[in-house]
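Here is the structure we will look at, set down as structure tokens.
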Amino acid sequence: MSYSRVVFFSVSLFLLLVAISAIATLIVGAEESTQSKSFILTLYILGFLASLLVYFYLGYKQKISPYRQAVLVASGYWFINLAVGGLLYIFLEIPIEPILFLVTALLHVIAVLLGTLFGIKLRHYREFGINAI
């Protein structure tokens, strides 16, 4: 397991989710994005799917301790996310909503578990063929 790979995937996941959020905000508009529940729900779903794909890829490629690498990537992502959130609060006075971090953390934990599991299952399927059900 390479720690440079963990850092790469943590930063990549953070930038991917920021890009999804920025594109969605540009499409809807900044005024609408904070008020629209459907926009926030769509953003959560897109973020969950993007996270799921990243952890699916990690589970597929990492043969030795894939869950440990997925947890390290998730920890790195959350460290970056909370650090940037704290900096935004300090310098731009953008408030941090704890419930939003809690919901995204829950979705992220689910994405780590499911994505890694599905990646491992696909790797085993491709290596060994179909087993009895």
Side-chain angles (χ1 to χ4, degrees):
M1 174 174 41
S2 170
Y3 289 108
S4 62
R5 183 177 170 149
V6 169
V7 170
F8 172 76
F9 275 101
S10 297
V11 171
S12 297
L13 181 61
F14 177 76
L15 293 176
L16 176 67
L17 294 177
V18 167
I20 288 172
S21 175
I23 291 169
T25 302
L26 286 175
I27 291 171
V28 173
E31 301 84 26
E32 299 276 333
S33 65
T34 58
Q35 302 297 325
S36 173
K37 289 181 184 176
S38 63
F39 170 76
I40 294 171
L41 181 65
T42 304
L43 196 58
Y44 280 154
I45 291 171
L46 290 176
F48 174 74
L49 292 176
S51 299
L52 191 69
L53 288 175
V54 168
Y55 293 116
F56 176 81
Y57 178 78
L58 283 173
Y60 180 72
K61 289 293 185 179
Q62 183 68 28
K63 292 184 180 188
I64 299 171
S65 64
Y67 280 104
R68 182 171 50 169
Q69 181 162 358
V71 168
L72 286 174
V73 168
S75 300
Y77 163 76
W78 278 101
F79 175 76
I80 295 168
N81 192 22
L82 290 174
V84 169
L87 290 174
L88 288 174
Y89 178 72
I90 291 169
F91 292 117
L92 300 176
E93 297 179 2
I94 296 174
I96 298 174
E97 295 293 331
I99 191 72
L100 296 180
F101 274 106
L102 190 62
V103 169
T104 55
L106 177 64
L107 289 175
H108 209 80
V109 166
I110 293 170
V112 166
L113 295 174
L114 286 179
T116 306
L117 176 68
F118 291 154
I120 292 169
K121 292 287 186 186
L122 180 65
R123 181 171 26 93
H124 285 296
Y125 171 75
R126 293 194 57 141
E127 287 177 356
F128 303 116
I130 297 176
N131 292 331
I133 297 176

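Residues take their numbers from the sequence shown, with the count starting at 1. Everything numeric in this text was worked out from a predicted model, so none of it was measured. Keep in mind that the numbers below use all heavy atoms, side chains included, and drop hydrogens, waters and symmetry copies.
Summarising the geometry, atom CG belonging to L117 is positioned 11.5 Å from atom CG belonging to L122; distances are rounded to the nearest 0.5 Å. The distance from the NZ atom of K121 to the OG1 atom of T116 is 13.0 Å, given to the nearest 0.5 Å. Expressed to the nearest 0.5 Å, how far CG of L15 lies from CD1 of I20 amounts to 11.5 Å. Separation of atoms OH (Y125) and OH (Y60) is listed at 11.5 Å; rounding is to 0.5 Å. Distance check, rounded to the nearest 0.5 Å: CZ of F8 to CG of L13 gives 11.0 Å. Rounding to the nearest 0.5 Å places CZ of F101 at 5.0 Å from CG of L82.
Across all non-hydrogen atoms, the minimal contact from Y67 to L113 is OH-O, 3.9 Å. In plain terms, the two heavy atoms of L52 and G115 that are nearest each other are CD1-N, 3.4 Å. The minimum heavy-atom distance linking G59 with P66 is given by the pair CA-CB, 4.3 Å.
Using a 4.5 Å cut-off between side-chain heavy atoms of Ile, Leu, Val, Met, Phe, Trp and Tyr, with links allowed through other members, L58 and W78 fall into the same hydrophobic cluster. L87 and F79 are members of different hydrophobic clusters when ILVMFWY side chains are connected at heavy-atom separations under 4.5 Å. If you chain together hydrophobic residues whose side chains sit under 4.5 Å apart, V6 and V109 never meet in one group. In the hydrophobic cluster analysis, where Ile, Leu, Val, Met, Phe, Trp and Tyr join through side-chain heavy atoms closer than 4.5 angstrom, V71 is grouped apart from V73. Hydrophobic cluster membership is shared by L107 and V18, with clusters built from Ile, Leu, Val, Met, Phe, Trp and Tyr side chains linked at under 4.5 angstrom.
Looking at L49 and L53, their side chains never come closer than 4.5 Å, going by heavy atoms from C-beta outward. With contacts defined as side-chain heavy-atom distances shorter than 4.5 Å, the pair V7/Y3 does not qualify. Put simply, the side chain of L102 does not reach to within 4.5 Å of the side chain of L106, judged on heavy atoms.
Around the OH atom of Y44, the shell of radius 6.0 Å holds more than 12 heavy atoms that belong to other residues, nucleotides or ligands.
Between H108 and Y77, the angle of the ring planes stays under 30°, which puts this pair in the parallel group of the 30/60° scheme.
Using a distance-only test at 3.5 Å, with no hydrogens or angles considered, no donor-acceptor pair links the side chain of S21 to the main chain of L17.
In summary, of the residues considered (K61, K63, Q62), a side-chain contact (heavy atoms from CB on, under 4.5 Å) with R123 occurs for K63 alone.
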